[in-house]
Engineer: 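Mind looking over this structure? Questions follow.
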Amino acid sequence: MRRLTVRTASRTYPIAVGRDVLGELGGLVMKTRGAGQAVVVCDENVAPLYLERVRRSLADAGLAASQVILPAGEQEKSLARAEELYGVLYDRGLRRGDTLVALGGGVVGDLTGFVAATYQRGIGFVQVPTTLLAQVDASVGGKVAVDFRAGKNYVGTFYQPSLVLADLRTLDTLPPRELRCGAAEVAKHGLLAGSAVLRRVRQLVRAPLSAAAVTQELVAGSIQYKAGVVERDERESGLRAVLNFGHTVGHAIEAATAFRRFSHGEAVALGLHAALRLSRELAGLPEADERMGHELLDGLGLPGRLTKARARDVCDLIGRDKKAGQDGVPYVLLRRPGFPVLGVRVPPELELEVVEWLRER
Ligand SMILES: NC(=O)c1ccc[n+]([C@@H]2O[C@H](COP(=O)([O-])OP(=O)(O)OC[C@H]3O[C@@H](n4cnc5c(N)ncnc54)[C@H](O)[C@@H]3O)[C@@H](O)[C@H]2O)c1
Ligand SMILES: [Zn+2]
């Protein structure tokens, strides 16, 4: 098991990554939170697979454990569901010293974290991420939120957990498409971090992507990269924007295709292709590095061509990005792998040209 420590202004806490480590949860919760009640929140897909092991581990460590099982899906990240959870916690008499355990993907993590942050102004929060995306991205960094009307993550806050435990064995049951979506974020971290993280991501593409190929070093390296960014900028006042690499075009593609044609990770892969091409045109990224990036994403089995959306519509949506200012959206581009540049303005003609190119790749 690899242990990392995240040190932010608001809290210092451990992230443990390993294979077959779910059984360690109880002991780790005892150590970081102490005795008390633990309520495990998970969805109906994850419950039959991992809930029993988690409950047993908590009980063996002497914690009083109970659970809440929700339907699966993004629609669960709602204020209505949060209110329902507040009711459960109230009825079970949870106090500040007690702990909510999020067992599942980013949906369960974001919702549970939001409830933990707000119930009695903040109770204990532990993350047990079970998707690759949640392990390397959603469970790291303390952003918690629910969706509101058309706004994704519109109501939320920053709330760091007391502990994150990522068990790579849980990825064995993940549908392949979900695994690929997580791989897109791992590729993003690799390109931003360069060096060892990028080398490990590139090793993934030697064979068709499988959970068995996802190593502890790869996941730990990816987490370490994101945690390092968050440590320096917990509340996204500057540097954290680097994590938007590939997301400016990616988010617009998700919206232009009504969140149906592409999953988040797939749209991000397309956004990364666009960002790589723009990096060569505007930030001096060598052609060989650009090509390496495209091959990496294609090799992970992520979609490489934009379909079911007009380039003009995607560009209109880029202009409506939350981060857009008077003179357009500031892009994150790469000078070299490991050397991102923030706040690059992209001329509208070039933006359109690159999105057109995505349709023809
Ligand atoms: N807080 C952040 O910083 C942050 C960052 C990125 C994404 N997010 C959020 O994360 C969410 C997406 O997370 P996600 O991709 O994990 O989606 P998800 O939570 O919906 O999980 C994807 C699917 O996999 C199932 N599943 C989860 N673990 C499984 C396992 N081990 N075996 C089999 N099935 C399993 C789930 O039931 C679900 O059907 C979005 O809501 C997004 O906004 C948050
Ligand atoms: Zn993302």
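By convention here, the first residue in the shown sequence is residue 1. In listed order, ligands and their atoms are each counted from 1. Since we're looking at a predicted model, the values are computed, not measured.
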Engineer: Got an N/O contact under 3.5 Å between V140 and ligand 1?
Structural biologist: no
Engineer: Within less than 4.0 angstrom of ligand 1, does K226 place any heavy atom?
Structural biologist: yes
Engineer: Does the residue E185 have a heavy-atom contact with ligand 1, meaning some pair of atoms that are separated by less than 4.0 Å?
Structural biologist: no
Engineer: Taking the minimum heavy-atom distance to atom 44 (C) of ligand 1, which of D110, L133, D167, L103 ranks first?
Structural biologist: D110
Engineer: Is a salt bridge present between E217 and R200, judged by a nitrogen-to-oxygen distance below 4.0 Å?
Structural biologist: no
Engineer: Any link between V126 and V219 through a network of hydrophobic side chains (Ile, Leu, Val, Met, Phe, Trp, Tyr) touching at under 4.5 Å?
Structural biologist: no
Engineer: Quick one: does ligand 1 sit under 4.0 Å from the side chain of E178, the backbone, both or neither, non-hydrogen atoms only?
Structural biologist: side chain
Engineer: Quickly, which of E351, E356, E290, E353 forms a salt bridge (Lys or Arg N to Asp or Glu O under 4.0 Å) with R277? Name it, please.
Structural biologist: E353
Engineer: For ligand 1, note which part of L171 has a heavy atom under 4.0 Å away: side chain, backbone, both or neither.
Structural biologist: neither
Engineer: Among G141, A138, P175, which one puts a heavy atom closest to atom 5 (C) of ligand 1?
Structural biologist: A138
Engineer: Please confirm whether T131 comes within less than 3.5 Å of ligand 1 when only nitrogen or oxygen atoms on both sides are compared.
Structural biologist: yes
Engineer: Under 4.0 Å, heavy-atom basis, I'd like to know which part of E74 is in contact with ligand 1: side chain, backbone, both or neither.
Structural biologist: side chain
Engineer: Test your reading of the structure: does A134 have an N or O sitting under 3.5 Å from an N or O of ligand 1?
Structural biologist: no
Engineer: Is the contact between V46 and ligand 1 made by the side chain, the backbone, both, or neither, using heavy atoms and a 4.0 Å cut-off?
Structural biologist: side chain
Engineer: Would a hydrophobic clustering, with Ile, Leu, Val, Met, Phe, Trp and Tyr connected at side-chain separations under 4.5 Å, put V314 with L350?
Structural biologist: yes
